[in-house]
Protein chains: 2
Amino acid sequence: MRQSKQQFREYLVRKGLKTTKQREIILDAFLRASTHPSTEELFLKIRRKHPTVGYATVYRTLKLFADCGIAEERNFGDGQTRYEWTGDERHHDHLICTRCGAILEFEDADIEKLQQQVAFRHGFTIASHRLELYGTCRRCTGKS
Amino acid sequence: MRQSKQQFREYLVRKGLKTTKQREIILDAFLRASTHPSTEELFLKIRRKHPTVGYATVYRTLKLFADCGIAEERNFGDGQTRYEWTGDERHHDHLICTRCGAILEFEDADIEKLQQQVAFRHGFTIASHRLELYGTCRRCTGKS
DNA sequence: TTTTAAATTGAAATTCGTTTTCACTCAAAC
DNA sequence: GTTTGAGTGAAAACGAATTTCAATTTAAAA
Ligand SMILES: [Mn+2]
Ligand SMILES: [Mn+2]
Ligand SMILES: [Zn+2]
Ligand SMILES: [Zn+2]
């Protein structure tokens with residue numbers, strides 16, 4: 001939170017970019033959004049309080065967040081690019097319910113370790129990875 | 001190969017669809033394509049020998065392949081939907097070189113097992129999953 | 001403070017892969 | 001053969017992502 005704001009500020013300075021009202025509004029909204037918002041979702045949320053902020057600005061600013069490291073792009077297969085705050089959190093992967101869209105997070109050190117081993121065996125150097133488990137969540141399985 | 005052709009033929013009959021020259025051409029080309037072709041790549045390859053086959057037909061036919069189970073849609077983050085022959089192969093995941101685009105395949109029973117455990121812990125029923133490791137392959141790492 | 005150069009903005013236009021439409025063609029059942 | 005519904009290719013439509021551009025704003029320089 002506080003940390004991410006600082007990080008973004010430093011990034012702007014380092015790159016010779018400018019602090020603007022819009023960027024502050026968008027960063028606040030992004031940090032307040034708990035989920036994995038898409039550009040459009042965040043834009044719509046912001047628009048309520050700040051009707052003058054444009055979609056393009058939200059789009060560009062989210063790119064900046066990703067570039068400076070406080071956010072990561074995600075793609076869960078629903079056709080929208082989503083952004084996730086990386087904050088001071090640890091890495092995690094996702095369980096996605098294809099019924100209700102719920103997204104659960106998990107981390108599993110053993111899986112991560114095995115991934116490294118697989119990569120090593122193939123002479124690969126891993127820069128990133130994506131692991132997503134699709135299925136039905138407890139609640140949706142119950143309903144059936 | 002032979003098996004997949006049969007499977008597709010049966011699928012067409014079952015669904016009341018028709019056998020056409022185009023579908024045979026496209027299936028042959030798809031089975032001959034060793035990689036993970038995108039719709040466009042396959043279309044371009046086919047066009048050399050069969051300039052009259054349209055993009056829309058390739059697109060629709062690949063959807064049919066996926067529907068009947070002889071192919072699966074893939075999405076490696078390059079913005080193109082790719083198709084992979086599922087033939088009589090087993091499930092596998094992918095290592096993707098972000099430098100040269102090379103795609104290596106691997107399977108790891110231990111990882112799969114751990115995935116199931118994670119899902120179970122969260123009350124999830126897994127229908128499918130995607131695991132992709134992005135990085136640089138041996139050759140590209142060498143070049144630097 | 002005023003000036004200035006460069007970055008930023010919002011709206012609209014553009015891009016690009018995907019998907020649909022439509023008039024015409026063809027497969028296959030009768 | 002005739003009939004009929006599925007299939008085809010070209011072009012249009014679509015939707016999200018990205019770029020363009022004239023006007024505005026930031027912040028460094030004067
Ligand atoms: Mn997450
Ligand atoms: Mn593969
Ligand atoms: Zn659910
Ligand atoms: Zn490589």
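As the structure is a prediction and not an experimental result, all values here were calculated from the model. Chain letters run A, B, ... following the sequence lines, proteins first and then strands; every chain starts at 1. When reading the values below, keep in mind they use all heavy atoms of this one structure, side chains included, and skip hydrogens, waters and symmetry mates.
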Aromatic contact between B/Y83 and B/F65, with the criterion being ring centroids under 6.0 Å apart: yes or no? no

What side-chain hydrogen bond (donor to acceptor under 3.5 Å, both in side chains) pairs are there with at least one residue in residues 36-47 of chain A, not counting sequence neighbours? A/H36-A/E84, A/H36-A/H94, A/H36-A/E105, A/S38-A/Q80, A/E41-A/R82

Please give me the minimum heavy-atom distance between B/L62 and B/L42, naming the atom from each residue. CD2-CD2, 3.9 Å

Heavy atom of residues 68-83 of chain A under 4.0 Å from DNA chain D: which residues? A/G79, A/Q80, A/T81

Interatomic spacing from OG1 in B/T136 to CD1 in B/I96 - rounded to 0.5 Å: 13.0 Å

Would you mind reporting whether B/I126 and B/Q116 have side-chain heavy atoms less than 4.5 Å apart? yes

Looking at every strand, decide which applies to A/T52 at a 4.0 Å heavy-atom threshold: base, sugar-phosphate, or nothing. sugar-phosphate

Dump the pairs, protein N or O against N or O of nucleotides 28-30 of chain D, anything under 3.5 Å, distances to one decimal.
none

To the closest 0.5 Å, what do you measure between CD (B/E10) and SG (B/C68)? 9.5 Å

Do B/Y55 and B/Y59 touch side chain to side chain, with heavy atoms closer than 4.5 Å? yes

side-chain contact (heavy atoms from CB on, under 4.5 Å) between B/E112 and B/H129: does it pass, once the steps are laid out? CA-CA 9 Å; B/E112 307 273 328; B/H129 73 260; 3.1 Å; yes

I want to check something: taking the side chain as every heavy atom from C-beta on, are B/L131 and A/E132 in contact at a cut-off of under 4.5 Å? no

Among residues 8-25 of chain A, which ones have heavy-atom contacts with DNA chain D below 4.0 Å? A/K18, A/T19, A/K21

For nucleotides 20-22 of chain D, list the nitrogen or oxygen atoms of the protein found under 3.5 Å from its nitrogen or oxygen atoms, one pair per line.
{"unit_1": "D/dT20", "atom_1": "O4", "unit_2": "A/R60", "atom_2": "NH1", "d": "3.2"}

Can you list the residues that meet the side-chain contact (heavy atoms from CB on, under 4.5 Å) rule with A/K5, with sequence neighbours excluded? A/R9, A/L27, A/D28, A/L31

